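Below is one structure, written out as structure tokens; comments come after it.
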Amino acid sequence: MSNLARKKIKRKNAPGNRSDLGWEHGVEVGSRQVQCNYCKEIHSGGIYRLKHHLAGTRKNVSACPSVPEKVREKFATLLYAQSEASIKKKRWYTIEEEDDGNDDELVEVQQLHSSKGRGKHIGSMDKFVTKNKQVTMNRVFKKGERDLVIQQIARFFYTSAIPFNCVKNPEFLQMIDMISRFGIGLKPPSYHEIRETCLKKEVDFTQQMLEEYKVEWKKTGCSIMSDGWSDKKRRSICNFLVNSPKGTIFLYSIDTSNISKTAEKVCQMLDEVVDRVGEENVVQLVTDNAANYKLAGEMLMQKRKCLFWTPCAAHCLDLILEDFEKKIKDHKYTIAKGKKITTFIYSRAMLLNWLRDFTKGRELIRPAATRFATSYLTLSCLNEFKGELMAMFSSEQWRCSKFAKTKEGKRIHAIVMDNNGFWRLVVKCLKAAIPLLKVLRLVDSDTPPMGFIYQEMEKAKEEIQKNFNNVQKSYKEIWDIIDDRWEVQLHRPLHAAGYYLNPSIHYDPSFDPGSDIKLGLYTCLQRMVPEVSDRKKIDMQLEKFKQAKGLFGIEAAILARDTKQPAEWWDSYGDDCPELKKFAIRILSLTCSSSGCERNWSAFEMIKQKRAKPLSTKEEIGLENLSSDDEWLAADSVDSEDDSADFNEDNEGDDEVSRVAAKGKSVLVHDVSDEFPENDDGSDDDDSDRPPPGFERVRDFDDYAMDVDTRKDIDDEMRYDNDSD
């Protein structure tokens with residue numbers, strides 16, 4: 001080997017060997033630091049950064065404001081040629097470089113033209129340059145390849161009936177990223193791996209995630225929720241879930257088709273769930289108010305001395321509203337007429353299209369997941385569209401139609417145009433129901449409502465009284481119905497204790513707990529704190545809480561009384577009273593409703609029937625009619641009327657309405673009005689069309705809708721004499 005070959009060849013940018021073109025425009029002033037000859041700025045990173053500085057690419061370095069245009073274009077062309085050569089050499093490999101902490105980008109060149117005294121110059125580099133957006137080389141050269149890949153992914157979605165909104169799942173994005181990082185040669189998973197190997201690993205992973213919840217249960221306590229349902233094969237399934245401030249998790253389900261649901265059997269099932277979760281973690285069990293569940297809860301409380309059975313507050317409120325319908329004549333007949341209107345319209349496609357024309361495409365009815373407050377939300381939605389309905393039934397289009405000549409059409413027309421009868425009674429019914437709908441919304445929310453339900457029920461009664469102008473004969477019957485359910489079923493020691501320990505309520509000047517509140521508080525104390533010494537400490541610490549001493553009285557605690565959630569407030573400022581703090585947090589973190597079980601029914605029915613979405617006659621059926629969240633659904637060979645088992649509740653809409661209405665069943669409402677119509681005569685009569693105080697906006701209830709399968713059919717020949725008042 002020659003001596004020349006043995007010599008070590010120096011890099012072109014090594015000290016003593018400055019052959020790179022960039023050195024003609026800069027001077028080395030330190031270790032890998034170069035000073036620009038034009039702007040005199042010093043940049044680290046060596047000659048590589050200087051060239052990007054001169055080219056104005058803004059790649060990890062600022063652009064030179066003083067560089068001549070010819071020099072700028074010279075280095076821009078040079079950098080582009082270098083990057084293109086690298087791409088051609090390794091086409092399959094994506095070279096990514098991080099740009100100032102933003103998204104990964106390839107080598108990019110940004111067009112920089114001064115706005116002062118320079119015109120635009122269009123050269124060979126301009127098609128790769130934008131003023132406001134950096135363009136990656138991968139985006140330029142692989143755009144066609146990406147289109148093919150995306151199309152194949154979309155085809156997989158279409159042929160597998162995968163909901164479109166799955167692309168929003170973070171796991172989908174993570175999957176795509178990991179596939180791209182693996183590179184060429186990834187072997188897809190086999191059927192066995194998906195069905196067995198990976199599934200077992202995922203179960204183990206989920207169990208590990210549950211450990212985080214179990215840690216939370218020890219601190220805040222938890223509620224066991226139970227409810228039953230029937231799947232499309234008519235199997236009776238009982239779900240068990242655990243709720244805490246961290247969230248609600250599904251525990252397991254039992255097929256109870258062959259089990260007689262006696263109180264003893266139900267108690268046995270609940271007892272097994274308590275053992276699995278840990279008795280020391282469970283504060284309450286929440287179920288519906290069926291007689292067997294109620295008796296089972298009482299039996300379990302006798303066995304387990306430290307926990308409570310609590311009826312579902314949402315179910316109790318629903319029963320109160322149903323009692324209004326059953327026991328108050330005005331409510332019964334008004335609701336019946338409201339159902340006739342919606343059923344009549346939605347069982348006739350032509351009328352439905354007319355209605356959409358009058359309502360600017362808005363739907364009169366829209367089924368949703370919950371079964372609560374169904375009848376009164378029907379009336380609320382009808383009240384919203386009162387003007388549109390009256391306009392439609394008085395239009396020339398209606399008068400010339402065949403529907404106007406039928407007996408049923410004439411009857412519906414008379415109801416809709418009865419402004420002094422039907423519509424007056426609609427507002428009267430809503431005056432009684434909407435305050436309770438507000439409470440229902442509270443208990444059915446994700447926020448722990450235990451500290452608020454007692455006060456909200458009292459507020460609801462006061463609001464009803466005010467809505468009827470304090471005329472006792474107008475609201476007494478309503479109050480009696482509420483008290484029958486509230487005192488017998490809903491009012492529980494945990495509700496009273498939550499009311500007492502809620503700082504936003506306790507420190508209000510009007511707070512005056514009666515004997516029933518204190519009795520509930522000390523009942524909870526006795527059951528939840530078995531040690532006598534701890535109970536004595538908590539009793540003493542309650543005095544400190546009442547007088548706002550220590551941390552309870554500092555400025556931060558005072559300001560946070562109405563802003564923080566009650567349990568969070570105790571966690572922040574209850575350290576002076578550790579035993580009382582733990583006791584309060586375990587109560588104020590509780591839910592009041594088991595409706596979370598119903599929202600999880602659908603997890604057991606992964607496939608549902610393919611249904612057609614009704615379209616207006618002005619629309620053509622095509623891909624443009626599908627929103628980004630619509631699902632393409634696989635057909636199911638099993639017919640069922642149990643709509644509560646559908647998998648994706650968010651995508652249920654007009655298609656379900658048409659199916660229900662076609663069967664002649666009562667249909668239901670979802671949207672409610674922004675405002676009630678003003679009373680024409682301006683009278684203060686409590687039965688007028690004037691909106692009751694506080695009812696100007698009722699959008700709070702738009703998440704509720706009617707469950708058509710829970711409502712009984714009402715005789716179509718039912719009549720109401722408007723003069724009966």
Side-chain angles (χ1 to χ4, degrees), residues 3-91 93-142 181:
N3 293 332
L4 181 63
R6 291 191 180 96
K7 290 183 179 181
K8 184 177 180 180
I9 300 176
K10 292 185 177 181
R11 295 181 296 107
K12 64 179 180 179
N13 291 321
N17 184 30
R18 304 300 193 187
S19 59
D20 195 293
L21 293 177
W23 291 113
E24 298 176 5
H25 306 274
V27 178
E28 186 175 26
V29 295
S31 177
R32 293 187 61 79
Q33 289 186 331
V34 182
Q35 184 180 45
C36 176
N37 291 342
Y38 303 104
C39 65
K40 304 303 181 181
E41 291 183 1
I42 299 175
H43 300 281
S44 61
I47 197 64
Y48 175 81
R49 290 271 178 89
L50 178 65
K51 290 188 287 186
H52 281 274
H53 171 69
L54 297 172
T57 64
R58 297 185 184 274
K59 181 171 181 59
N60 297 324
V61 67
S62 61
C64 180
S66 305
V67 63
E69 186 68 15
K70 291 183 179 180
V71 176
R72 186 195 69 79
E73 290 191 1
K74 174 182 177 181
F75 281 97
T77 304
L78 176 65
L79 291 174
Y80 171 73
Q82 291 176 349
S83 64
E84 188 178 34
S86 178
I87 293 269
K88 290 180 179 179
K89 186 182 295 183
K90 298 180 180 180
R91 170 75 65 177
Y93 183 72
T94 300
I95 303 175
E96 296 181 345
E97 297 182 20
E98 190 172 1
D99 181 26
D100 292 335
N102 296 327
D103 295 338
D104 291 343
E105 300 285 340
L106 288 173
V107 178
E108 65 278 321
V109 182
Q110 184 172 10
Q111 182 181 21
L112 296 171
H113 287 297
S114 173
S115 60
K116 295 182 180 180
R118 292 186 184 178
K120 288 187 177 180
H121 174 76
I122 300 177
S124 60
M125 290 296 298
D126 287 312
K127 62 181 179 179
F128 299 104
V129 173
T130 61
K131 289 185 178 181
N132 300 319
K133 186 178 180 181
Q134 293 177 328
V135 181
T136 65
M137 301 303 295
N138 196 45
R139 191 180 304 167
V140 172
F141 290 105
K142 288 196 173 184
R181 291 180 183 275

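Bear in mind the structure is a predicted one, so any value in this text is a computation, not a measurement. Heads up: numbering here begins at 1 and tracks the sequence.
Shown here are the side-chain hydrogen bond (donor to acceptor under 3.5 Å, both in side chains) partners of Glu41, two or more places apart in sequence or in another chain: His43. Among residues two or more places apart in sequence or in another chain, the side chain to side chain contact (heavy atoms under 4.5 Å, CB included) test is passed with Val71 by His25, Tyr38, Val67, Pro68, Phe75.
Between the CD atom in Glu73 and the CG atom in Leu78 there is a gap of 13.5 Å [rounded to 0.5 Å].
Between Gly26 and Asn37, the shortest heavy-atom distance links the atoms N-ND2, 3.2 Å. Here the shortest heavy-atom pairing between Gly56 and Ala63 reads CA-CB, 3.7 Å. Contact detail for Arg49 and Val61: the closest heavy-atom pair is O-CG1, 3.7 Å. Looking at every heavy atom in both residues, Val29 comes nearest to Gln35 through CG1-CB, 3.9 Å. For the residue pair Leu50 and Gly22, the shortest heavy atom distance occurs at CD2-O, 3.6 Å.
Cys39 has its side chain within reach of His53: a pair of non-hydrogen atoms, C-beta onward, lies under 4.5 Å apart.
In this structure a side-chain-to-backbone donor-acceptor pair under 3.5 Å is missing from Glu28 to Val34.
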